[in-house]
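Predicted model only: the values in this text are computed from it and were never measured. Lettering follows sequence order; numbering is per chain, from 1.
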2 protein chains.
Amino acid sequence: MRKSKQRDAILQVLQGTDSHPTAEWIFSRVRREIPNISLGTVYRNLNQLADGHLIQRIFDDGHLRFDANLHRHDHFRCIHCQRILDLEVELVGLDEAISDDDRFNATGYSLEVTGVCNECQHETEEI
Amino acid sequence: MRKSKQRDAILQVLQGTDSHPTAEWIFSRVRREIPNISLGTVYRNLNQLADGHLIQRIFDDGHLRFDANLHRHDHFRCIHCQRILDLEVELVGLDEAISDDDRFNATGYSLEVTGVCNECQHETEEI
DNA sequence: TGATTAATAGGAATCATTACTACTTAAACT
DNA sequence: AGTTTAAGTAGTAATGATTCCTATTAATCA
Ligand SMILES: [Mn+2]
Ligand SMILES: [Mn+2]
Ligand SMILES: [Zn+2]
Ligand SMILES: [Zn+2]
């Protein structure tokens with residue numbers, strides 16, 4: 001993997017946020033630095049970075065989002081605004097339960113908690 | 001919601017499998033009964049059934065799948081063949097951890113375990 | 001510095017899903 | 001039972017996120 005200013009910029013943008021953005025959002029940010037970068041380049045590099053374990057992909061309700069936080073952690077997703085928050089929960093006994101199941105060989109897991117974030121909760125109350 | 005033979009057939013197909021199928025798979029099955037049903041009808045009805053809580057939607061790696069099992073349960077997904085298996089794991093302490101977090105009001109959660117299913121494991125060994 | 005070839009920009013293609021519309025039919029009302 | 005109504009359907013067009021294609025640019029290295 002050669003270096004390219006496009007990939008560097010994409011990685012920097014992602015590392016500079018905790019918002020779990022879409023490719024489109026990253027595209028709009030990177031454009032400030034590299035105005036003629038193309039959306040295809042953003043997708044290609046995000047996939048390369050994910051394949052090279054420099055970032056991770058997360059699937060939120062059918063849409064692709066990205067996360068530069070490589071530690072194993074989980075997420076909360078607001079069903080109103082789709083905002084994603086990091087979650088640190090300890091899943092007691094899960095590793096054991098998984099390895100006891102002889103139908104498969106597990107390599108990972110992800111937990112998604114859903115609900116309403118505080119911002120959306122307040123909006124609803126105001127109406 | 002009026003009754004329609006199309007919706008009845010779709011629900012029956014889904015209730016008759018534990019494979020967590022896609023709309024396309026359900027379409028091909030229902031076609032045996034109703035040869036001129038359209039794919040749009042399958043999607044529309046699956047969405048209605050899900051909105052009416054008669055089935056549930058599950059998101060597997062960016063694709064939409066459906067499940068007639070309404071009990072809260074989790075899933076294993078094979079990263080090779082995309083097969084989905086039902087999982088019954090008890091997430092000890094999760095409810096508490098979630099309600100202690102004051103950034104949101106959680107209403108649900110889902111756990112996806114990933115790995116290689118036995119069938120795919122054997123295939124790999126044979127090569 | 002020149003050769004090699006990965007990476008890019010821009011645009012076309014893909015594919016799952018949704019939207020549109022004229023026709024059909026369930027079911028509520030006489 | 002016949003009439004009215006609006007929900008449901010088939011068929012097809014549209015959408016939108018993502019991937020693919022190709023001529024051109026640029027990183028790397030002898
Ligand atoms: Mn995260
Ligand atoms: Mn299931
Ligand atoms: Zn929210
Ligand atoms: Zn498998």
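If you measure from atom CZ of B:R57 to atom P of C:dA16, you get 18 Å, rounded to the nearest angstrom. What separates CZ of A:F27 from P of D:dG16 is a distance of 16 Å, to the nearest Å. For the pair B:D51 CG and C:dT17 P, the computed distance is 15 Å after rounding to whole Å. Here C:dA16 presents its C1' atom at 14 Å from CZ of A:F59, a figure rounded to the nearest Å. Taking atom CZ on A:R7 and atom C1' on C:dA6, their separation rounds to 9 Å, with Å as the unit. Note: CD (A:E24) to C1' (D:dT19) measures 14 Å, nearest angstrom. A straight line from CG of A:L39 to P of C:dG11 spans 13 Å, rounded to a whole angstrom. Separating the CD atom of A:Q82 from the P atom of D:dA17 is a distance of 13 Å, rounded to the nearest angstrom.
A salt bridge does not link A:R103 with B:D86: none of the charged nitrogens is closer than 4.0 Å to a carboxylate oxygen.
Between A:T41 and C:dT8 there is no side-chain N or O to OP1 or OP2 distance below 4.0 Å. In this structure, B:R44 reaches the D:dT9 phosphate: one of its side-chain N or O atoms is under 4.0 Å from OP1 or OP2. Contact annotation: B:Y43 side-chain N/O to C:dT17 OP1/OP2 distance is under 4.0 Å. One finds a side-chain N or O of B:N47 lying less than 4.0 angstrom from the OP1 or OP2 phosphate oxygen of C:dT18. Considering only side-chain N and O atoms, B:Q6 lies under 4.0 angstrom from the phosphate OP1 or OP2 of D:dA10.
Between the side chain of B:R65 and the backbone N or O of B:H20 there is at least one donor-acceptor pair closer than 3.5 Å. Remark: the backbone N or O of B:E96 is paired with a side-chain donor or acceptor of B:S99 at under 3.5 angstrom. A distance-only check finds no donor-acceptor pair linking the side chain of B:Q56 to the backbone of B:A68 [under 3.5 Å]. Looking at A:H73, its side chain does come within 3.5 Å of a backbone N or O of A:H71 through a donor-acceptor pair. A donor-acceptor pair under 3.5 Å is formed between the side chain of B:R72 and the backbone N or O of B:Y109.
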Which atom pairs link the protein and nucleotides 22-29 of chain D when you take only N or O atoms and keep those under 3.5 Å?
| from | atom 1 | to | atom 2 | distance (Å) |
| --- | --- | --- | --- | --- |
| D:dA27 | N3 | A:R2 | NH1 | 3.2 |
| D:dT28 | OP1 | A:K3 | N | 3.4 |

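Comparing C:dA9, D:dG11, C:dT17 by their nearest atom to the side chain of B:N36 picks out D:dG11. When distances are taken from the side chain of B:H63 to each of C:dA16, D:dT9, C:dG10, the shortest belongs to C:dA16. The listed nucleotides are D:dA10, D:dG8, C:dA9; the one nearest the side chain of B:I34 is D:dA10.
Just one residue in the list A:D101, A:D102, A:T107 forms a side chain to side chain contact (heavy atoms under 4.5 Å, CB included) with A:F104, and that residue is A:D101.
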